[in-house]
Amino acid sequence: MLIIPIPCLTDNYAYIINEENSKKIGVVDPSEANPIIEFLEKKNLKLDYILNTHHHFDHIGGNEELKRKFKAKVVGFKGDKHRIPGIDISLENDENWNFGNTEAKIIHIPGHTLGHICFFFEKEKIAFTGDTLFSLGCGRIFEGDHKQMLESLNKIKKLPKNTKIYCGHEYTYKNAEFCLKYDSDNTDLKNKFEKIKKLRSNNLPTIPTTLEEELNSNIFLRCDQNDLKIKLNMKNQEDFKVFKKVRDLKDSF
Ligand code: ZN
Ligand code: FE
């Protein structure tokens, strides 16, 4: 499967996905239609599917225009049927959805919104995590609570370590600065920051990241680790409390 990030709005990514055997084309989280149309027309491609991780405008903004233009089918979470524009195929947690000759597993990951999902392409080890897991960050908690968000992140943590993570925004540089503030002697994090600086100074995406890199350097995925708890003066405290603390610190960073 081929994946092409398309920068949209100020810091969003939509992703064109191309299943090369069947030649099926999809787009994940098109916040606007124009950059997607431009790319597809230049490559002489049409669009079969629109995949939405959640209902926020910066993830579904292009749905209706793209659907009209290409007669594409909109794929999203069943529980959010009422707020995903143009939805045709509604899926439940743990359901598999066929995309050409491959398939994605739907993983319900509430917290940022109640109906947020991850599309996990098991064979390719590719996960679209929307605004739940970012590189070196996690999404703000708008509709769910901290417990839900932590459980959702824990679901993602159980995927294979070499899973490639494609998230909804280019927030990585700022996220790295935050992680470094509280986890400054983490060598993996420091090395990752050097890579990020180089990529961003050349205006290149820091995405995809891998789950392994995130497990080692994303502070939100390290709330169960004793070394981090000690750095936060929260030795022996519950993971959930540490996570809430880190999320609160990020909200005011
Ligand atoms: Zn969002
Ligand atoms: Fe977003």
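Residue numbers run from 1 in the order of the sequence given. All heavy atoms count here, side chains included; hydrogens, waters and symmetry mates do not. Each ligand, and each atom within it, is numbered from 1 in the order the structure gives.
- Within a radius of less than 2.8 Å around the Fe ion (ligand 2), the protein N, O or S atoms are D58 OD2, H59 NE2, D131 OD2, H169 NE2.
- More than 12 heavy atoms of other residues, nucleotides or ligands lie within 6.0 Å of NZ in K157, so this atom counts as buried by the packing criterion.
- Within D131, the N/O/S atom positioned nearest the Zn ion (ligand 1) carries the name OD2.
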Go through it in stages, so that I can follow the logic: the residues are E214 and T209, the test is side chain to side chain donor-acceptor pair (under 3.5 Å), and I'd like the CA-CA distance, side-chain angles, deciding distance and then a yes or no.
CA-CA 7 Å; E214 295 306 314; T209 175; 2.6 Å; yes
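- Crowding of K164 atom NZ: a count of heavy atoms from other residues, nucleotides or ligands under 6.0 Å not exceeding 12.
- When the N, O or S atoms of H112 are ranked by distance to the Zn ion (ligand 1), NE2 comes first.
- Within 6.0 Å of NZ in K24 there are 12 or fewer heavy atoms belonging to other residues, nucleotides or ligands.
- Other residues, nucleotides and ligands contribute more than 12 heavy atoms inside 6.0 Å of the NZ atom of K231.
- Sorting the N, O or S atoms of H56 by how far they are from the Zn ion (ligand 1) puts ND1 first.
- Salt bridge status for D188 with K192: absent, with no side-chain N to carboxylate O gap under 4.0 Å.
- For the pair C118 and T129, the tightest heavy-atom approach, listed with the atom from each and the gap, is SG-CG2, 4.4 Å.
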